[in-house]
Protein chains: 2
Amino acid sequence: MRMKPSDISLKVCSYSHVLEIISDKWTALVIYSLENGTIRYGEINRRIEGISQKMLTQTLKQLERDGLVNRKVTPSVPPIVEYTLTPLGETLIPYMKMLKDWASEHYSAVRKAREEYDLGGTETIVR
Amino acid sequence: MRMKPSDISLKVCSYSHVLEIISDKWTALVIYSLENGTIRYGEINRRIEGISQKMLTQTLKQLERDGLVNRKVTPSVPPIVEYTLTPLGETLIPYMKMLKDWASEHYSAVRKAREEYDLGGTETIVR
DNA sequence: CGGCATCCTCCGAGATACTG
DNA sequence: CAGTATCTCGGAGGATGCCG
């Protein structure tokens with residue numbers, strides 16, 4: 001199968017597939033909070049700074065739908081809902097750690113580049 | 001062993017830092033198109049299916065600001081504008097390839113999980 | 001406790017037209 | 001060719017209130 005030059009598509013590209021899964025605003029942080037095992041809804045809510053109930057619920061539902069997270073309900077009073085990474089979800093962890101490593105190593109450079117860009121902004125033109 | 005429970009923050013977490021850079025809708029695809037070397041604006045525009053001029057320009061500007069992409073203007077008539085990954089930008093490639101690998105390996109499982117979820121939806125309850 | 005329903009706001013991003 | 005400029009609309013996402 002030959003690759004046409006115009007073949008880069010949102011729908012086909014694997015890059016997009018991953019990002020489709022983890023690139024939502026809160027998804028990565030939620031996965032991160034599940035990294036060390038089972039944890040309750042409220043606990044996630046408390047640990048992720050600034051997330052709203054709505055977004056947490058929505059994000060968890062997404063992750064559950066994608067088969068990355070398992071949801072276990074204990075119908076006591078009050079109810080207990082626990083979330084865990086599925087085996088599939090756990091396969092993601094090393095890859096996310098790598099991304100984290102990239103950031104640890106290079107993010108300062110990005111920040112610096114931004115500062116310089118924001119300062120001058122016009123010096124791209126050769127004089 | 002307990003860190004501050006509220007320690008996961010959008011602003012602090014490295015995961016977020018990477019995603020802040022590559023998670024915009026088109027960013028990954030643009031980087032992807034630059035993977036093999038210098039390329040002109042119009043060429044990128046043609047290669048990425050469905051991207052608008054506005055979003056392409058915006059995405060490229062972001063990437064330039066982040067120091068990941070270099071923009072070279074040749075003020076001829078008509079003008080030629082070429083984009084290249086910077087060394088910093090190139091450091092990202094292996095990591096993105098890894099994400100791609102993850103998708104190649106596991107995306108079918110995700111798709112399957114979605115189908116099952118969308119079918120039943122009620123299977124989480126133990127009966 | 002762990003949601004879902006509702007309302008509301010803001011801005012991401014597509015479409016279109018113009019320019020150096 | 002490689003962008004800006006402007007308008008518009010849908011939907012992301014916060015706030016609030018109710019429920020099992």
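Taking CG from A/D66 and NZ from A/K61, the interatomic distance works out to 13.5 Å, rounded to the nearest 0.5 Å.
Not counting sequence neighbours, B/Q53 has no partner by the side chain to side chain donor-acceptor pair (under 3.5 Å) test. Under the side chain to side chain donor-acceptor pair (under 3.5 Å) criterion, B/Y41 pairs with B/T57, not counting sequence neighbours.
In this structure, B/M96 and B/I31 have side chains that are in contact, with non-hydrogen atoms separated by less than 4.5 Å. Using a 4.5 Å cut-off on side-chain heavy atoms (C-beta onward), B/K97 and A/Y15 make contact.
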What do the steps show when you test A/E43 against A/R46 for salt bridge (Lys or Arg N to Asp or Glu O under 4.0 Å), and what is the final call? CA-CA 5 Å; A/E43 181 67 13; A/R46 254 169 280 123; 2.7 Å; yes
Base contacts versus sugar-phosphate-only contacts with protein, heavy atoms under 4.0 Å: please encode nucleotides 9-20 of chain D as B, S and - from 5' to 3'. ----BBB----B
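The existence of a salt bridge linking B/E20 and A/R114 is confirmed by a sub-4.0 Å separation between a basic side-chain nitrogen and an acidic carboxylate oxygen.
Where DNA chain C meets chain B (any atom under 4.0 Å from a heavy atom), the bounding nucleotides read 5' to 3' are C/dA13 to C/dG20.
Close to D/dC1, at under 4.0 Å from its OP1 or OP2, lies no side-chain N or O of B/R46. Checking the phosphate oxygens (OP1, OP2) of D/dG3, a side-chain nitrogen or oxygen of B/Y83 falls inside 4.0 Å.
At whole-Å resolution of the value, CZ in B/R40 and C1' in D/dA2 are 9 Å apart. For B/L56 and D/dA2, the CG to P distance is 10 Å, given to the nearest whole Å.
Closest of all the heavy-atom pairs between A/E49 and B/S9 is OE1-CB, 3.5 Å.
For the side-chain contact (heavy atoms from CB on, under 4.5 Å) criterion with A/I51, the lone passing option out of A/I44, A/L29, A/L56 is A/L56.
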Can you list, pair by pair, the side-chain donor-acceptor contacts under 3.5 Å of residues 83-94 of chain A, counting residues two or more places apart and other chains?
residue	atom	partner	partner atom	Å
A/Y83	OH	A/R71	NE	3.1
A/T84	OG1	A/T38	OG1	3.0
A/T86	OG1	A/G67	O	2.6
A/T86	OG1	A/L68	O	3.2
A/T86	OG1	A/L88	N	3.4
A/T86	OG1	A/G89	N	3.0
A/T91	OG1	A/L88	O	2.5
A/T91	OG1	B/W102	NE1	3.0

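At its two ends the helix from C/dC1-D/dG20 to C/dG20-D/dC1 runs along axes set 50° apart, each axis drawn from five pairs and the angle rounded to 10°.
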